[in-house]
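Please read the structure below before turning to the comments.
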Amino acid sequence: MPAVRDTAKERQRENRGGFSWPWSWRCPLFYEPLPLIAYVTGVLGCYLAFIGWEAACTPVTAGDFALFSALMCCGAVCVEASGRLGQPTGVWRDLLSAWWLPVALLLPPLYALAAPSVLGLLSYIRVSRGAVYRRIFSSAALGLSGALASALFRWLLPAAPRGQAVAWLTYPGPNVWLLRPQPAMAAIVCAVVFGLLNAGLVAVAAWLVDPDTRLSDMLWDRERMLLDLTETCVGILVTIACALSTLLLAVALPPVVLLQRSLLHSQLKTQARTDPKTGVLNAGAWQGEATLAVDRARRRRESLAVLLADVDYFKRVNDTYGHLTGDAVLRTLATEMRQQVRESDLVGRFGGEEFAIVLSGTTAAEAYLVAERIRRGVGVVKVLTKDMIVGVTVSIGVAVLGSHGGDLGELLESADIALYRAKRAGRDRVCLANPPDPADRR
């Protein structure tokens with residue numbers, strides 16, 4: 001059975017059966033699928049209920065409020081530093097958990113619930129004004145995760161000794177007991193629980209937006225896990241500094257700001273190399289990476305292949321269904337191509353509806369099999385529109401280092417000739433550039 005991938009608006013129509021909320025124009029959340037609406041509102045309801053419960057049960061002391069204010073001021077400095085650097089579009093990561101984790105471990109759960117909302121509001125005002133419901137959901141997920149970690153920490157340990165309100169600046173601080181082995185291990189466990197719960201809440205929401213993506217892929221992505229581990233380690237170090245003396249926050253703040261700026265710079269750099277419509281490398285980034293790959297393969301005398309894939313009759317898709325559907329088709333094809341090749345292979349958008357792929361360590365026969373696998377996969381995947389299912393095919397030209405060219409330019413020319421052969425032979429096929437014939441251009 002062919003796999004079907006639809007756009008967000010079409011999923012909305014399918015899930016609601018054509019019903020339109022009367023206030024949808026006021027909140028983008030109500031344009032989303034019903035399961036996502038139910039999930040987000042459920043998380044927000046739990047968040048508000050816990051805040052009400054904790055506000056009624058938690059006495060506010062001067063010492064707790066002073067420590068909370070100091071941590072929020074440090075978080076505000078990080079937010080301002082992020083705003084000056086700029087932020088990537090879409091989903092991005094920061095190190096604000098370095099300030100939420102100490103709040104969860106050193107203060108009652110009420111403060112852990114409030115901290116993400118305080119910094120989230122500041123970030124929304126000073127840095128990025130995205131969809132409000134996403135910012136609120138993110139704050140609610142972080143607040144619930146922090147409150148659970150805070151409650152678990154207090155459950156694992158007997159009633160922790162509390163310092164006097166005037167002692168929050170002293171050394172050793174009122175929370176120096178945290179540095180003993182048993183409380184320290186409990187703090188690490190709770191920090192891990194905090195990270196896992198927050199990642200799980202966000203991953204479920206992302207999966208409800210795109211059910212075609214496997215939930216396990218969202219939870220166990222290697223790069224995401226490394227960032228989560230880094231956030232947890234930084235948060236524990238900041239917590240230890242607070243346990244000794246709140247004045248040490250002035251020492252912890254500069255390296256955290258530097259780490260956050262480095263993280264955002266890396267994400268901005270990745271965004272500058274990525275084609276916004278398809279998520280693969282843009283033409284400039286692909287050409288730079290491909291040139292390095294070809295030079296490396298030539299020095300090491302390794303095999304390498306270049307594929308050029310062009311969508312057949314793509315203009316008809318745009319003319320018949322519109323450019324938004326055409327963009328959805330390109331995104332679907334790019335995703336399929338990335339799934340059919342190795343992580344080390346380079347996939348890029350080379351032109352309007354043309355994609356280029358570098359296959360390192362691949363012979364001519366192997367490259368031909370990979371190209372056939374891509375061609376068959378593209379023929380199976382479809383895009384759902386309002387009226388019908390849209391499917392496309394691709395023609396692919398294959399060129400191999402050494403046999404069809406000695407540098408990237410020659411390989412691209414040979415692959416382009418092979419692509420023209422595939423087009424003239426009836427499209428929806430793979431052609432190997434062997435032998436290259438300039439007459440094929442005519």
Side-chain angles (χ1 to χ4, degrees), residues 63-88 91-107 111-112 114-128 135 138-139 142 145-146 149-150 163 167-176 178-179 184 187-188 190-192 194-195 198 223-272:
D64 288 345
F65 186 77
L67 178 58
F68 177 77
S69 299
L71 289 167
M72 291 300 97
C73 287
C74 291
V77 172
C78 285
V79 170
E80 289 294 330
S82 302
R84 292 178 182 275
L85 183 63
Q87 287 190 343
V91 179
W92 51 275
R93 301 292 299 267
D94 54 41
L95 286 178
L96 292 180
S97 293
W99 314 112
W100 295 322
L101 190 57
V103 170
L105 297 179
L106 301 179
L107 295 172
Y111 296 94
S117 295
V118 173
L119 294 183
L121 177 61
L122 179 62
S123 181
Y124 179 79
I125 295 173
R126 298 291 296 167
V127 180
S128 175
R135 179 74 66 178
S138 177
S139 298
L142 286 164
S145 303
S150 180
W168 70 286
L169 287 174
T170 60
Y171 175 84
N175 294 302
V176 71
L178 181 67
L179 304 184
I188 293 174
C190 293
V192 172
F194 170 79
N198 178 60
E223 184 175 355
R224 185 179 293 111
M225 291 179 65
L226 181 61
L227 288 174
D228 290 339
L229 178 61
T230 302
E231 285 183 314
T232 301
C233 292
V234 172
I236 291 174
L237 291 176
V238 174
T239 303
I240 292 173
C242 285
L244 292 173
S245 172
T246 308
L247 288 176
L248 291 178
L249 287 176
V251 178
L253 179 59
V256 173
V257 171
L258 181 61
L259 284 172
Q260 171 144 324
R261 287 178 65 88
S262 299
L263 176 60
L264 290 176
H265 180 268
S266 175
Q267 295 176 85
L268 288 168
K269 184 178 178 180
T270 300
Q271 178 179 296

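Residues take their numbers from the sequence shown, with the count starting at 1. These numbers were taken from a predicted model, which means no experiment stands behind them.
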Which heavy atom of [X] sits nearest a heavy atom of [Y], and at what distance?
X	Y	value
Val251	Pro255	O-CD, 3.3 Å
Ala112	Ala104	CB-CA, 4.0 Å
Gly75	Trp99	CA-CD1, 3.5 Å
Leu119	Val79	O-CG2, 4.4 Å
Arg135	Gly120	CD-O, 3.6 Å
Ala98	Val234	CB-CG1, 3.5 Å

Any residue meeting side-chain contact (heavy atoms from CB on, under 4.5 Å) with [X], in chain and number order, not counting sequence neighbours:
X	value
Val77	Leu253, Val257
Ile188	Met185, Ile236
Cys190	Leu105, Ala149, Leu152, Phe153, Leu156
Val118	Phe68, Met72

Atom [atom1] in [X], atom [atom2] in [Y]: separation rounded to 0.5 Å?
X	Y	atom1	atom2	result
Asp64	Leu107	CG	CG	5.0 Å
Leu258	Cys78	CG	SG	10.5 Å
Leu106	Ile240	CG	CD1	10.5 Å
Trp100	Leu71	CH2	CG	12.5 Å

Could you check Cys74, Pro102, Cys233 and say which one makes a side-chain contact (heavy atoms from CB on, under 4.5 Å) with Val238?
-> Pro102
How would you list, by chain and number, every residue that makes a side chain to side chain donor-acceptor pair (under 3.5 Å) with Ser150, sequence neighbours excluded?
-> Arg154
Side chain to side chain donor-acceptor pair (under 3.5 Å) involving Ser138 - partner list, sequence neighbours excluded =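 Here no residue qualifies.
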